[in-house]
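See structure below.
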Protein chains: 2
Amino acid sequence: MSSHESGRRATIADVARSAGVATSTASVVFSGKAKVSAATRAKVLAAAADLGYTGPDPRAASLRRGRSGIVAVVLEGHLRAAFLDPVTTAMMDGLTDGLADLSAGILLLRDDPRESDGSALANAPVDAVVLIGCSGRTRASLDIVRSRGLPVVVIEGDAGEGVPRIVLDNAAAAADVARHVRDLGHRDVALVTLPLDTARERMPVTPARVETATVDVTIDRLEGMWSIFPDAPAISASGSLIDEGQRVGRMLLADAEHRPTAILAQSDLLAVGVIRAAEELGLRVPEDLSVAGFDGIAVDGLGGLVLTTSVQPAVQKGRAAGEQVAQMLKGEPGVTVHFTCRFRAGTTTAARPAQP
Amino acid sequence: MSSHESGRRATIADVARSAGVATSTASVVFSGKAKVSAATRAKVLAAAADLGYTGPDPRAASLRRGRSGIVAVVLEGHLRAAFLDPVTTAMMDGLTDGLADLSAGILLLRDDPRESDGSALANAPVDAVVLIGCSGRTRASLDIVRSRGLPVVVIEGDAGEGVPRIVLDNAAAAADVARHVRDLGHRDVALVTLPLDTARERMPVTPARVETATVDVTIDRLEGMWSIFPDAPAISASGSLIDEGQRVGRMLLADAEHRPTAILAQSDLLAVGVIRAAEELGLRVPEDLSVAGFDGIAVDGLGGLVLTTSVQPAVQKGRAAGEQVAQMLKGEPGVTVHFTCRFRAGTTTAARPAQP
DNA sequence: TTGTAGGCGTTATCAA
DNA sequence: TTGATAACGCCTACAA
């Protein structure tokens with residue numbers, strides 16, 4: 001049907017001319033911003049169909065409107081790693097919800113340390129930005145965003161003054177888990193932490209080392225755990241992965257003489273890895289070893305066990321971020337939103353085994 | 001430092017005026033498209049800093065250039081579900097690679113069945129589109145994209161004529177795995193397939209049922225498996241998840257009288273679930289039951305076992321898609337790229353156990 | 001090396 | 001209900 005096959009794509013002006021109406025009228029037919037008589041609408045639509053015009057060019061529309069309908073989400077590190085983390089994906093899920101009213105798209109960006117200023121973030125046609133994560137690198141991204149004057153929300157990160165954040169009671173929640181384990185009688189407890197900084201090195205964690213750590217989540221949860229077990233040895237994992245938890249678990253359980261009776265992990269995935277390591281060594285969970293995690297995600301493949309953990313409202317965090325963005329885009333100021341975790345006693349923790 | 005705090009954001013024209021140069025000169029200072037004397041550049045930069053101008057407005061730039069620097073990736077179903085699948089995340093990873101030259105951002109979209117035409121895809125300021133997945137819904141997205149005249153690449157899906165695709169030899173690769181198992185002497189074999197359609201129902205799969213299936217990947221792999229074991233019973237899983245594999249595994253292994261000696265799963269995650277189900281029943285893998293998967297992903301948490309599987313080049317698929325997009329954006333035609341899987345014998349398959 | 005001018009495709013405003 | 005007009009902010013021939 002499309003007859004007029006010229007080299008150029010048809011514009012709304014072409015459509016209007018062909019339909020014998022003003023461009024503004026044709027525009028309104030597509031935007032629905034004003035009333036148009038049925039006859040005129042039909043004429044315009046027919047002309048559009050004839051010319052193969054499928055609607056306004058989003059680029060021109062966003063220039064004119066001052067809105068692109070896109071919200072950037074800045075993730076730390078490789079996208080792949082980010083999406084390997086169930087908490088991140090849950091947050092993204094909530095974010096799409098919270099942004100639903102805007103029907104905004106989500107532009108995935110990583111805070112790339114390499115391209116310092118030519119950053120995609122500096123040139124992306126976005127209306128607002130959500131920063132996820134926390135390390136020092138986020139600060140650089142934050143500076144770019146603020147200088148562009150874009151609304152921004154930071155999820156669990158170190159934001160400057162006046163930047164709306166989504167925060168979690170990490171320290172308190174971690175302390176809750178630790179308290180539960182202490183109340184079960186455990187005294188010999190070891191910790192598995194999330195990475196301390198962007199170097200993501202697997203290593204023993206000392207209070208001195210924590211001074212130089214940059215990941216707030218790790219620091220806060222560790223603080224909560226140490227508040228109950230001040231002397232608990234800790235090893236930082238290189239990432240929140242089951243296999244990584246298994247590796248660290250092996251390290252912590254290697255010495256049969258000085259084996260902890262409980263291990264607290266800073267994420268559920270790490271906890272599952274620790275359980276695997278225990279099973280490898282023939283230790284029963286929770287009879288021989290209690291294991292607790294953090295996050296409360298649906299762990300795929302834990303058999304019949306239910307992990308003792310602190311359930312964080314990951315989806316809600318994402319949704320709240322989306323809602324704040326939506327609000328700021330309406331011109332109202334964004335606010336910092338606090339969330340709390342809920343302790344969940346599972347079947348992976350039990351009373352301290354009787355000492356031989 | 002930023003003195004001129006007027007209501008409006010500064011534009012490049014403001015900067016030029018303030019610096020006492022032409023707008024084109026100021027523009028060039030930021031784009032670097034032509035040579036500018038050091039003195040002029042300094043003047044412009046100083047004026048920009050003074051006015052709080054941080055660079056060209058991406059919206060205006062993209063209208064002018066006709067490019068937004070954004071590529072849309074359309075995923076099937078909830079984003080959360082998509083990123084739960086390691087193959088998808090690996091592909092996304094490769095995609096970012098393949099798109100690196102363009103330094104394009106990735107806009108995440110889902111093919112939402114609800115909003116049929118007002119779809120975000122119709123109004124997103126993107127330069128090209130990558131469609132991942134396969135079901136009927138993809139067709140609707142494809143139509144929108146084609147009517148917009150955007151370059152598009154389809155990864156493992158049913159594309160129309162003339163649409164570049166990224167395809168995998170699913171049937172042949174699945175047959176390879178099946179052949180390996182047959183050569184080990186197995187005759188009583190059962191299959192666990194991926195979902196047949198968007199309904200994602202867990203159910204027995206009959207040849208008649210396959211007629212109405214819409215997911216190409218599932219159909220092709222099943223065809224390959226049935227080519228070797230024509231009578232193998234099959235059950236479709238509701239998704240590619242460990243827990244789901246475990247459920248289906250329990251179903252297939254429930255009847256001790258007619259227990260298969262080998263189970264072929266259409267994904268590694270499903271295979272891991274089947275192994276869990278076997279362990280639950282006290283069956284040893286591979287001594288009592290051989291299990292094979294598909295994908296060759298790094299399965300997190302399989303203990304010491306190495307899964308027998310067909311390794312698909314997921315990252316390369318994504319990269320190829322990105323490269324085709326890049327090529328089409330340069331004006332050259334995109335081509336369909338074929339990839340083949342590589343069979344990998346692991347330790348989860350062994351000779352058929354002697355019958356009692 | 002710098003300046004001029006026209007237009008990218010829309011949409012908001014206002015008047016008719 | 002429709003039409004004319006003026007931006008939106010930038011880029012790039014082309015001329016000087």
Side chain [X], main chain [Y], donor-acceptor under 3.5 Å:
{"X": "Arg67(A)", "Y": "Leu329(A)", "answer": "yes"}
{"X": "Arg59(B)", "Y": "Arg65(A)", "answer": "no"}
{"X": "Asp127(A)", "Y": "Val71(A)", "answer": "no"}
{"X": "Asp14(B)", "Y": "Thr11(B)", "answer": "yes"}
{"X": "Gln316(A)", "Y": "Gly94(A)", "answer": "no"}
{"X": "Arg146(A)", "Y": "Val152(A)", "answer": "no"}
{"X": "Ser62(B)", "Y": "Pro58(B)", "answer": "yes"}

Please determine if Arg64(B) and Asp57(B) form a salt bridge, counting it only when a charged side-chain N lies under 4.0 Å from a carboxylate O. no
Mind checking the [atom1]-[atom2] spacing from [X] to [Y]? Nearest 0.5 Å is all I need.
{"X": "Ile12(A)", "Y": "Leu51(A)", "atom1": "CD1", "atom2": "CG", "result": "11.5 Å"}
{"X": "Gln324(B)", "Y": "Ile155(B)", "atom1": "CD", "atom2": "CD1", "result": "11.0 Å"}
{"X": "Met92(A)", "Y": "Thr89(A)", "atom1": "CE", "atom2": "OG1", "result": "9.0 Å"}

Min and max contacting nt of DNA chain D in 5' to 3' order, chain A heavy atoms within under 4.0 angstrom, are dT1(D) to dG9(D)
Identify, residue by residue, the members of residues 53-66 of chain A with a heavy atom below 4.0 Å from DNA chain D, and return them in order of residue number, or none. Leu63(A), Arg64(A)
Output the residues of residues 23-38 of chain A in contact with DNA chain D, where contact means a heavy atom of the residue under 4.0 Å from an atom of the strand; sort by number or write none. Ser24(A), Thr25(A), Lys35(A), Val36(A), Ser37(A)
Rounded to whole Å, how long is the line connecting atom CZ of Arg17(A) with atom C1' of dT10(C)? 15 Å
Take atom CG of Asp127(B) and atom P of dC8(C), then tell me their distance rounded to the nearest Å. 18 Å
With sequence neighbours excluded, what pairs up with Ser24(A) under the side-chain contact (heavy atoms from CB on, under 4.5 Å) test? Ala22(A)
Among residues at least two apart in sequence or on other chains, which ones pass side-chain contact (heavy atoms from CB on, under 4.5 Å) with Ser147(A)? Thr54(B)
Kindly calculate the angle separating the two end axes of the helix from dT1(C)-dA16(D) to dA16(C)-dT1(D), each obtained from five base pairs, and round it to 10 degrees. 30°
